[in-house]
Enquirer: 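Questions regarding the structure given below will be posed in turn.
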Amino acid sequence: MKKFFLSIVGGLVIGLILSFSFMEYESSWTHHIQRAGVDQMVEEMDFDFVFTASLLVVGISILIFAVWSFIEKKKDEKFLRDFENEKN
């Protein structure tokens, strides 16, 4: 559970930093003057940015999880190999 949680957090941190560093966030907004008696400003999210950033976060999380699992597997294999060598 710790590996899964830390992979998600690491992917979130690294993915968001990379997203804001390398991709351009374009906020779209419209200004309505005297609509329903008041001035209104409507802001919207940049859907392409949010979608690409979420894919980047998920991809980095999966990559962190896979690399961590691979390293753990290699450590376990090394431990078993060393144990067998000490046994003989």
Side-chain angles (χ1 to χ4, degrees):
M1 189 68 166
K2 182 176 87 170
K3 179 172 51 170
F4 178 75
F5 178 73
L6 290 177
S7 297
I8 296 288
V9 170
L12 190 63
V13 170
I14 294 170
L16 289 178
I17 289 172
L18 289 176
S19 296
F20 282 106
S21 298
F22 296 116
M23 294 188 298
E24 295 179 10
Y25 175 72
E26 296 177 11
S27 175
S28 61
W29 57 274
T30 57
H31 191 90
H32 301 288
I33 300 174
Q34 290 298 324
R35 178 170 256 174
V38 294
D39 292 342
Q40 297 175 346
M41 181 182 291
V42 179
E43 293 186 31
E44 299 173 349
M45 291 291 294
D46 182 10
F47 181 74
D48 291 335
F49 175 80
V50 173
F51 180 72
T52 308
S54 63
L55 285 179
L56 189 62
V57 167
V58 169
I60 290 174
S61 297
I62 291 171
L63 182 67
I64 290 172
F65 188 83
V67 168
W68 194 341
S69 298
F70 180 74
I71 290 171
E72 279 184 343
K73 182 180 174 187
K74 288 297 181 182
K75 283 183 179 178
D76 289 343
E77 289 175 359
K78 183 180 182 299
F79 173 77
L80 290 174
R81 193 171 43 246
D82 291 344
F83 181 74
E84 288 296 324
N85 288 339
E86 289 176 6
K87 194 175 179 184
N88 291 332

Enquirer: What closest approach, in Å, do Lys3 and Ser69 show between heavy atoms, and which atom pair accounts for it?
Expert: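 Where Lys3 meets Ser69 most closely, the heavy atoms are NZ-OG, 3.0 Å.
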Enquirer: Are Phe70 and Phe65 connected, step by step, through hydrophobic side chains (Ile, Leu, Val, Met, Phe, Trp, Tyr) whose heavy atoms are closer than 4.5 Å?
Expert: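 Phe70 and Phe65: separate clusters.
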Enquirer: Considering non-hydrogen atoms only, spot the tightest contact between Leu12 and Ser61 and give its length.
Expert: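 Nearest heavy atoms, Leu12 then Ser61: N-OG, 4.3 Å.
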Enquirer: Could you tell me the separation between the CZ atom of Phe22 and the CD1 atom of Ile17, rounded to the nearest 0.5 Å?
Expert: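 Answer for the CZ-CD1 pair, Phe22 versus Ile17, is 10.5 Å.
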Enquirer: Kindly indicate whether the side chain of Phe20, heavy atoms from C-beta on, has any atom under 4.5 Å from the side chain of Phe49.
Expert: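 When only atoms from C-beta onward are counted, Phe49 and Phe20 do touch, with a gap below 4.5 Å.
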Enquirer: Rounded to the nearest 0.5 Å, how far apart are CD1 of Ile64 and CZ of Phe4?
Expert: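 One finds 12.0 Å between CD1 of Ile64 and CZ of Phe4.
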Enquirer: Should Glu77 and Lys74 be marked as a salt bridge (charged side-chain N to carboxylate O under 4.0 Å, His left out) after you check the CA-CA gap, both sets of side-chain angles, and the distance that decides it?
Expert: CA-CA 5 Å; Glu77 289 175 359; Lys74 288 297 181 182; 3.7 Å; yes
Enquirer: Side-chain contact, heavy-atom cut-off 4.5 Å: Arg81 with Lys78?
Expert: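 Yes - at least one pair of side-chain heavy atoms lies under 4.5 Å apart.
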Enquirer: How far does CD1 of Ile8 sit from CD1 of Ile62, to the nearest 0.5 angstrom?
Expert: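 If we round to the nearest 0.5 Å, Ile8:CD1 and Ile62:CD1 are 8.0 Å apart.
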Enquirer: If you take all heavy atoms of Leu16 and Val57, which pair is closest and at what distance?
Expert: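 Between these two residues, the closest heavy atoms are N-CG2, 4.1 Å.
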